[in-house]
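Here is the structure we will look at, set down as structure tokens.
None of these values were measured; they are calculated from a predicted model. All heavy atoms count here, side chains included; hydrogens, waters and symmetry mates do not.
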Amino acid sequence: QVPLVESGGGSVQAGGSLRLSCDVSQATYNSNWWGWFRQAPGKEREGVAGIDTDGSTSYSDSVKGRFTVSNDNAKNTLYLQMDNLKPEDTAMYYCAAALGYKLTISTMLGQAVSNYWGQGTQVTVSS
């Protein structure tokens with residue numbers, strides 16, 4: 001596995017903001033899609049937000065309008081700006097890099113030719 005390294009998680013009150021970062025330099029040359037997934041205790045991993053080499057983004061309905069995914073190619077860094085956080089956003093957040101055709105957060109897990117993951121960073125939102 002190619003290691004991706006997340007940072008920026010933490011604890012925040014509802015309505016607050018956090019920005020997650022992910023160093024994707026280890027996967028830059030063999031990926032054309034990058035994104036964020038999350039997994040809460042007892043739940044399946046779900047796609048949150050993603051971006052491809054053309055800058056096209058995709059978001060889950062639960063975060064649309066509150067989260068923004070972006071990347072800085074010069075720094076090989078992927079970001080997830082999370083605003084207006086809710087207690088239901090509490091989860092372990094994972095950065096992912098993948099190679100495939102027109103991937104989105106809905107298709108990546110099933111259609112990527114290859115994918116790479118970080119170790120995760122915890123986000124906890126209190127009410």
*Going through the distances and angles, do Lys86 and Asp89 end up as a salt bridge (charged side-chain N to carboxylate O under 4.0 Å, His left out)?*
CA-CA 5 Å; Lys86 303 176 180 181; Asp89 294 318; over 6 Å; no

_Test log, rule side chain to side chain contact (heavy atoms under 4.5 Å, CB included), inputs Ile51 and Leu78_ = CA-CA 9 Å; Ile51 186 168; Leu78 179 72; 3.8 Å; yes

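Among all heavy-atom pairs drawn from Asp23 and Ser25, the shortest one is OD1-OG, 2.7 Å. The two residues Leu85 and Leu18 have their closest heavy-atom pair at CD1-N, 3.9 Å. Considering every non-hydrogen atom in both Val63 and Val48, the closest pair reads CG2-O, 3.5 Å. When every heavy atom of Pro87 is checked against every heavy atom of Ser126, the shortest pair comes out as CG-C, 4.5 Å. Contact detail for Thr121 and Glu6: the closest heavy-atom pair is CG2-CB, 4.0 Å. Listed here is the closest heavy atom pair of Ala27 and Ala97: CB-CB, 3.8 Å.
For Ser58, the side-chain hydrogen bond (donor to acceptor under 3.5 Å, both in side chains) test picks out no residue, with sequence neighbours left out. Considering only residues two or more places apart in sequence or on other chains, Asp54 meets the salt bridge (charged side-chain N to carboxylate O under 4.0 Å, His left out) condition with none of them. Looking at residues two or more places apart in sequence or on another chain, you find no salt bridge (charged side-chain N to carboxylate O under 4.0 Å, His left out) involving Lys43. Applying the side-chain hydrogen bond (donor to acceptor under 3.5 Å, both in side chains) rule to Asn76 yields the partners Thr28; only residues at least two apart in sequence or on another chain are considered. Contacts of Glu46 classified as salt bridge (charged side-chain N to carboxylate O under 4.0 Å, His left out), with partners at least two apart in sequence or in another chain: Arg38. Under the rule for a ring-ring contact (aromatic ring centres under 6.0 Å, His included), Tyr93 has no partner lying at least two apart in sequence or in another chain. Not counting sequence neighbours, Asn73 has no partner by the side-chain hydrogen bond (donor to acceptor under 3.5 Å, both in side chains) test. Considering only residues two or more places apart in sequence or on other chains, Arg19 meets the salt bridge (charged side-chain N to carboxylate O under 4.0 Å, His left out) condition with none of them.
Panel note: side chain Tyr59, backbone Val69; a donor-acceptor pair is recorded below 3.5 Å. In this structure a side-chain-to-backbone donor-acceptor pair under 3.5 Å is missing from Thr124 to Thr90. Remark: the backbone N or O of Gly100 is paired with a side-chain donor or acceptor of Asn32 at under 3.5 angstrom. Checked by atom type and distance alone, the side chain of Gln119 never pairs as donor or acceptor with a backbone atom of Val5 at under 3.5 Å.
Residue pairs meeting the ring pair (Phe, Tyr, Trp, His ring centres under 6.0 Å) criterion with at least one partner in residues 16-52, sequence neighbours excluded, are Phe37-Trp117. For residues 77-122, the pairs satisfying disulfide bond (SG atoms under 2.5 Å apart) are Cys22-Cys95, with sequence neighbours left out. Every pair tested for disulfide bond (SG atoms under 2.5 Å apart) that includes a residue from residues 29-76 fails, sequence neighbours excluded, so the list is empty.
In the hydrophobic clustering of this structure, Tyr79 does not group with Tyr94; members are Ile, Leu, Val, Met, Phe, Trp, Tyr whose side-chain heavy atoms approach within less than 4.5 Å, directly or through other members. Side-chain heavy atoms closer than 4.5 Å link hydrophobic residues (I, L, V, M, F, W, Y) into clusters, and following such links, possibly through other members, connects Met92 to Met108.
The CG atom of Leu20 sits 8.0 Å away from the CZ atom of Phe67 when rounded to the nearest 0.5 Å. Between the CZ atom in Arg45 and the CG atom in Leu109 there is a gap of 8.0 Å [rounded to 0.5 Å]. The distance from atom CE of Met82 to atom OG1 of Thr68, rounded to the nearest 0.5 Å, is 11.0 Å.
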Would you mind writing out the side-chain donor-acceptor pairs for residues 8-17 within the sub-3.5 Å range, not counting sequence neighbours?
unit_1 : atom_1 : unit_2 : atom_2 : d
Ser17  : OG     : Asp83  : OD1    : 2.8

